[in-house]
Amino acid sequence: MAQPKEIFVRLDRCMGCHSCELACAVEHSQSKSLYSAISEKPTPQSRVYVEWVPPDNRLPVLCRHCEDAPCMHACICGAISRTEEGVVMTNADKCIGCWTCVMVCPYGVIGRHLQEHKAYRCDRCPDLEIPACVNSCPTKALVYRTVDEFSKDVRRVASREMLSGEGG
Amino acid sequence: MANNERRYVIIGASAAGMAAAEAIRQSDSTGFITVLSEEPVQPYFRPMIPFLISGKKSVADMTLVGQGPYSGTGIDVRLNSKAEAIDTKNQTVTVQGGDLVLYDRLLIATGSRPYIPPEIEGTEAAGVFALRTLTDALAAADCAAQADHVVMLGGGLLNLKAAFALLERGLDVTLVVYSPEVLSQLMEPDDAVLIRDALNKAGLKIMTDCSATHILSQAGGVNGVLLNSGQEMFCQMVCIGKGVFPNVNFLEQSDVQVDQGVVVDRFTACNAANVFAAGDVAVTFDPITSDRIVTGLWTNAVEMGRCAGYNMAGRTTEYTGTFGILNATQVADEPFVSMGIVHTSGTDYETHVFSTRNTYRKLVFSEDGERLVGAVFVGDISHAGLYRYVMREKMDVAKIKPFIIKHTLHYGHLLLP
């Protein structure tokens, strides 16, 4: 199987505009339009959370689809499974809203939909080529790459900086 | 013997047993995995059985194999196969009916069964239930169809969930609780105020500080409960939820060390060679208090079962223990999480309590204030897993303590300290 793409965060780029949250909620609405999503019931929820860390850091946090996903193993009704693409998915039909996944997620990225009494989290936008949050990010703080591509990017930037440091 | 012919035998086909089978299959694609189940039905998600009583889910909805992480193939589950004895010298399990099953690696995952207090008389009567298995739940559902009044003995989570299932069916339900408040194992009375209010509003009748002495019955089954106060309550059904204890009887003749539950080392191995134990039947430990504990929780059993499975297949994996208290759920529309050390009355733990009209939280720190050791969240349980992580890793909380106390901790605080 080809290495699946993942959503990576470039910590130095996020300026805390929350565009990703908006795009995520709209993508997970029925209408997929901001204007009607606002009044939809159940209220569309964002699965990415832009957090602020003092003194001046911003950070989008979202499901890492952990290789050893604690939520999937902890689930008491078999509602959480992994797709072939490596996405850890909550099946809302099976979810009984016991919140065990919320209790074990070390990233705090599983939300509780109170109107529906279901847990929800990032599904990497299965209908889109590029996840909505990544597509909406004006500073490219969120990128959608394979692990190999992403680490190659990081190495390239580092070597460029090293070269300029050496006066090259 | 070559690894690819290894015979893995697992006694018990619930959380620990099936999680172990899955972990073995991940690590050993060709070994033979046999799971012995004493139950007559295929493995299922046991915590869902209250939904059979309410009628919200069917037996098919609870099936385990093929759901969630349980997708491994070539796992032979033998139903109606109760293990009667094990012989650790010859490496065999005797199954009810006399069959001998040979093993190279054995997992004891027989779980636990309900504790029926011997001081209560008349518990054998028809219409008395201690909900544990799918079969119990189906029988209870049948009984509920004929009943108007139910008395539940015990104020723990299992009984609360069952009580709600019966309320949803329109029955009149009274909970008889020996402690001063419901959920006394999971929190202190002051922590449970919001939950108690929600239970009362939902129509559950709760009597605290009292217990049953007799279950009264006649030819047709249960017809009442006599309390220690002398009060007699009329009912057609009784549910006992007084905790569980490990299923270790079949080990009496073996040399496997048992002390309340099966004693295991940090790698889930028993004292006998090639024998492992996991789940409710095993004695584990609490990483915060270092106490030896037996827990009765699906999530813990899965974690320990996976660990045992890896060890059985030769992937050495240390089990890191679990909190004695680790529960999340929602009763009467009130979500709550309780974990770690939460019974703080009369102790020197640094405790921070905050309550509003519809939320409550209690954060418990070590006596020196440097470690988070316990948390209760009611109403708002968001990010609970982060707090569990901080507790479990015994993190120095100096820099994040204000966020913990205010319940505003997020992953950024841990990543960018």
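Note: hydrogens, waters and symmetry copies are ignored here, and every other heavy atom, side chains too, is used. Predicted, not measured: the structure shown is a model, and the values here were computed from it. In what follows, chains carry the letters A, B, and so on, assigned in the order in which the sequence lines appear, proteins first and then strands, with residues in each chain numbered from 1.
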(request) Examine whether an atom of A:D93 lies under 4.5 Å from a heavy atom of chain B, and if so say whether it belongs to the side chain, the backbone or both; otherwise answer neither. (result) backbone
(request) Return yes when atom CD of A:E67 has more than 12 non-hydrogen atoms of other residues, nucleotides or ligands closer than 6.0 Å, and no otherwise. (result) no
(request) Pick whichever of B:Y44, B:F51, B:Y387, B:Y70 has the most heavy-atom pairs under 4.5 Å with chain A. (result) B:F51
(request) Heavy atoms only, distances under 4.5 angstrom: which of A:A69, A:G108, A:C75, A:C71 has the most pairs with chain B? Name it, please. (result) A:G108
(request) Determine the option with the most heavy-atom pairs under 4.5 angstrom with chain B, choosing from A:V88, A:N91, A:T100, A:V109. (result) A:T100
(message) Using heavy-atom distances under 4.5 Å, tell me whether B:K56 contacts chain A through its side chain, its backbone, both, or neither.
(response) neither
(request) Please look at A:C77 and chain B and tell me whether the side chain, the backbone, both or neither of the residue comes under 4.5 angstrom of a heavy atom of that chain. (result) both
(message) Which one wins on heavy-atom pair count under 4.5 Å against chain A: B:V302, B:L416, B:I381, B:V337?
(response) B:I381
(request) Heavy atoms only, distances under 4.5 angstrom: which of B:A328, B:S382, B:A384 has the most pairs with chain A? Name it, please. (result) B:A328
(request) May I ask you to check whether B:Y310 and B:Q26 show a side-chain donor-acceptor distance below 3.5 Å? (result) yes
(request) Determine whether B:H407 and B:R361 make a side-chain contact, defined as any pair of heavy atoms from C-beta on separated by less than 4.5 Å. (result) yes
(request) Can you tell which part of A:I80 gets under 4.5 Å to a heavy atom of chain B, answering side chain, backbone, both or neither? (result) backbone
(request) Apply the side-chain hydrogen bond (donor to acceptor under 3.5 Å, both in side chains) test between A:D123 and each candidate in A:H28, A:H65, A:R47; give the one that qualifies. (result) A:H28
(request) To the nearest 0.5 angstrom, please state how far the CZ atom of B:R306 sits from the NE2 atom of A:H73. (result) 3.0 Å
(request) Heavy-atom pairs under 4.5 Å with chain B are the metric here; pick the option from A:K94, A:E51, A:M72 that has the most. (result) A:E51
(message) I'd like to know which of A:G111, A:A74, A:A79 tops the heavy-atom pair count under 4.5 Å against chain B.
(response) A:A74
(message) Is B:L415 close to chain A through its backbone or its side chain, or both, or neither, when contacts mean heavy atoms under 4.5 Å?
(response) side chain
(message) Under 4.5 Å from any heavy atom of chain A, what part of B:F403 do you find: side chain, backbone, both or neither?
(response) side chain
(request) Please look at B:M339 and chain A and tell me whether the side chain, the backbone, both or neither of the residue comes under 4.5 angstrom of a heavy atom of that chain. (result) side chain
(message) Need one label for B:F336: side chain, backbone, both or neither, based on atoms under 4.5 Å from any heavy atom in chain A.
(response) neither
(request) With B:R46 as the cation and B:W298 as the aromatic partner, state whether NZ or CZ is under 6.0 Å from the six-membered ring centre and within 45° of the axis. (result) no
(message) A side-chain contact here means heavy atoms from C-beta on lying under 4.5 Å apart; do B:M391 and B:V373 qualify?
(response) no
(request) In sequence, state the C-alpha distance, the side-chain angles, and the governing distance for A:R145 and A:E6, and then conclude on salt bridge (Lys or Arg N to Asp or Glu O under 4.0 Å). (result) CA-CA 6 Å; A:R145 293 251 203 287; A:E6 294 176 36; over 6 Å; no
(message) Regarding B:T359 and B:D380, do their side chains bring together a donor and an acceptor under 3.5 Å, going by distance alone?
(response) no
(message) Need one label for A:V102: side chain, backbone, both or neither, based on atoms under 4.5 Å from any heavy atom in chain B.
(response) both
(request) Mind telling me whether A:F8 and A:F150 have parallel, tilted or perpendicular rings, with 30° and 60° as the class edges? (result) parallel
(request) Answer whether the closest heavy-atom distance between the side chains of A:L59 and A:V50 falls below 4.5 Å. (result) no
(message) Quick check on A:L114 against chain B: is it the side chain, the backbone, both or neither that has a heavy atom closer than 4.5 Å?
(response) neither
(request) Classify the side-chain pair A:E40/A:S31 by whether it contains a donor and acceptor separated by less than 3.5 Å. (result) yes
(request) Select one option (side chain, backbone, both, neither) describing which atoms of B:D333 are under 4.5 Å from chain A's heavy atoms. (result) neither
(message) If we define contacts as heavy-atom pairs under 4.5 Å, which of B:Q330, B:Q67, B:H383 has the most with chain A?
(response) B:Q330
(request) Dump the intermediate steps for side-chain hydrogen bond (donor to acceptor under 3.5 Å, both in side chains) on B:R392 and B:T320, then the final yes or no. (result) CA-CA 9 Å; B:R392 193 169 171 151; B:T320 50; 2.5 Å; yes
(request) Check each atom of A:R82 against the heavy atoms of chain B and say whether the ones under 4.5 Å are side chain, backbone, both or neither. (result) neither
(message) Under a 3.5 Å threshold, yes or no: a donor from one side chain and an acceptor from the other, between B:T322 and B:E303?
(response) no
(message) Heavy-atom pairs under 4.5 Å with chain A - which of B:D61, B:L326, B:L414 has more of them than the others?
(response) B:L326
(message) Counting heavy-atom pairs closer than 4.5 Å to chain B, which one of A:N57, A:I96, A:I110 comes out on top?
(response) A:I96
(request) Identify which part of B:N327 has an atom lying under 4.5 Å from any heavy atom of chain A, answering side chain, backbone, both or neither. (result) backbone
(message) What's the separation between atom SG in A:C133 and atom NE2 in A:H18, rounded to the nearest 0.5 Å?
(response) 14.0 Å
(message) Using a 4.5 angstrom heavy-atom cutoff, name the option from A:H117, A:R112, A:R58 with the most pairs to chain B.
(response) A:R112
(message) Heavy-atom cut-off 4.5 Å, strictly under: side chain, backbone, both or neither for B:L64 against chain A?
(response) neither
